[in-house]
S.K.: 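Dropping the structure in here first, questions after.
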2 protein chains.
Amino acid sequence: MEVIVPFSTDRPKSRLSDVLSPDERRDFARAMLDDVLDAVAAADGEPRVLATDPVDVDSPVTVDDRPLTDAVNAALDARLGADSERGGAVEPVAVVMADLALATPAALDRLFEAGRDADVAVAPGRGGGTNAFVASHPEFQVDYHGASYLDHREIASEIDAAFRTVDSHRLGTDVDEPADLAEVLIHAEGRAAAWLREAGFALDAEEGRVAAVRE
Amino acid sequence: MEVIVPFSTDRPKSRLSDVLSPDERRDFARAMLDDVLDAVAAADGEPRVLATDPVDVDSPVTVDDRPLTDAVNAALDARLGADSERGGAVEPVAVVMADLALATPAALDRLFEAGRDADVAVAPGRGGGTNAFVASHPEFQVDYHGASYLDHREIASEIDAAFRTVDSHRLGTDVDEPADLAEVLIHAEGRAAAWLREAGFALDAEEGRVAAVRE
């Protein structure tokens, strides 16, 4: 299954600016991207980075500097629309965000499996985002604004696409805010977690809820 | 499988005090408890409430006013320890927190299944808590302080208990803070979600991340 991994090279991870410098945010975002690409490959997915600028990775890269929603819809059209017009079976395509530092092959397997059973399968993020999905319905389009998980469920309903939700803490955890860094330290074992430890972050349970603090 | 549901009647949900009055927090906590008990029963679990004071529910209730860790360890001893001493097979026992308003029978099925395959299966909460677990190892004990998910993994390792993590956004979402209320409105369909809507809460995506706001 082709797995599109959108990646923004422009001011990545700005909501981490209280705890990481611009250079650090760029490096950390890149470590997370590499972890996601590894997990996709280990789950037998074929990763393709959809980047706003050229990026030097081992996987194929498509550069599209439009906003996320437009770029993903163009990529979906290019796959699902083309398959459908040829009249053949539509191969499912996945879109997995580049900041899912907790993603494992097992979690992605569950996503891909759900996407083979349903026309649209979504792993919602905290706050109702769409962290990862698989679609095989040629009319499915995304709209990443707001509570996109609910919007995508509604869009699937409008086009009579069978919809499934993938219940995963790992895929539901997009790393955007300082509180998310604790999740990386607790659950991840790849480059992003190593990068955080190297940068001096450690878990701290002093104030009730566990947080990632920097020494 | 017996499923112990700890429930505190003493100042419940204090971290929601910015958005709910004491009476409202009590009612909302009770709505979540009822949702959890329903989901457990629908997943063929046998719920038993472990409460700090008597509580009027359809399920059996054990009253134990000690701190959570002590009360749960006493309950584990009473089941796993007794089974083990009789020399028979140890029946797994589950402990599921009363504020998992997103819990569904399907999510609990996955927990119970993991608990049949391993000696200890834990569904971690955000921040490294232990939102739900199943144990069948007679020496397993809990310690809910701090990043208890990591502690419980360590405890399982020390007693040579096979450990499994259950990757679930639903079981990973304990409803403690105002930000968690959005998860209830997005994903839950039971009494807790209805209670929030009745109290005037609705989703708001105005400020980027989706939040539950009160009209």
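Lettering follows sequence order; numbering is per chain, from 1.
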S.K.: Suppose we call two aromatic rings close when their centres sit under 6.0 Å apart. Are A:H152 and A:F140 close by that rule?
M.R.: yes

S.K.: Could you tell me whether the side chains of B:S59 and B:R48 share a donor-acceptor contact shorter than 3.5 Å?
M.R.: no

S.K.: Could I get the full list of side chain to side chain contact (heavy atoms under 4.5 Å, CB included) partners for A:E154, not counting sequence neighbours?
M.R.: A:E158

S.K.: Measure distances from B:A147 to the heavy atoms of chain A and classify the residue's part below 4.5 Å as side chain, backbone, both or neither.
M.R.: both

S.K.: In terms of heavy-atom proximity below 4.5 Å to chain A, should B:R126 be classed as side chain, backbone, both, or neither?
M.R.: both

S.K.: Does the side chain of A:S168 come under 3.5 Å of the side chain of B:D167 through a donor N or O and an acceptor N or O?
M.R.: yes

S.K.: Given that the side chain runs from C-beta out, which part of A:R15 has a heavy atom under 4.5 Å from chain B: side chain, backbone, both or neither?
M.R.: side chain

S.K.: Relative to chain A, which segment of B:A179 carries a heavy atom at a distance below 4.5 Å: side chain, backbone, both, or neither?
M.R.: both

S.K.: Going through the distances and angles, do A:V5 and A:L37 end up as a side chain to side chain contact (heavy atoms under 4.5 Å, CB included)?
M.R.: CA-CA 8 Å; A:V5 181; A:L37 295 175; 3.9 Å; yes

S.K.: Which answer fits A:L203, side chain, backbone, both or neither, if we ask what part of it has an atom under 4.5 Å from a heavy atom of chain B?
M.R.: side chain

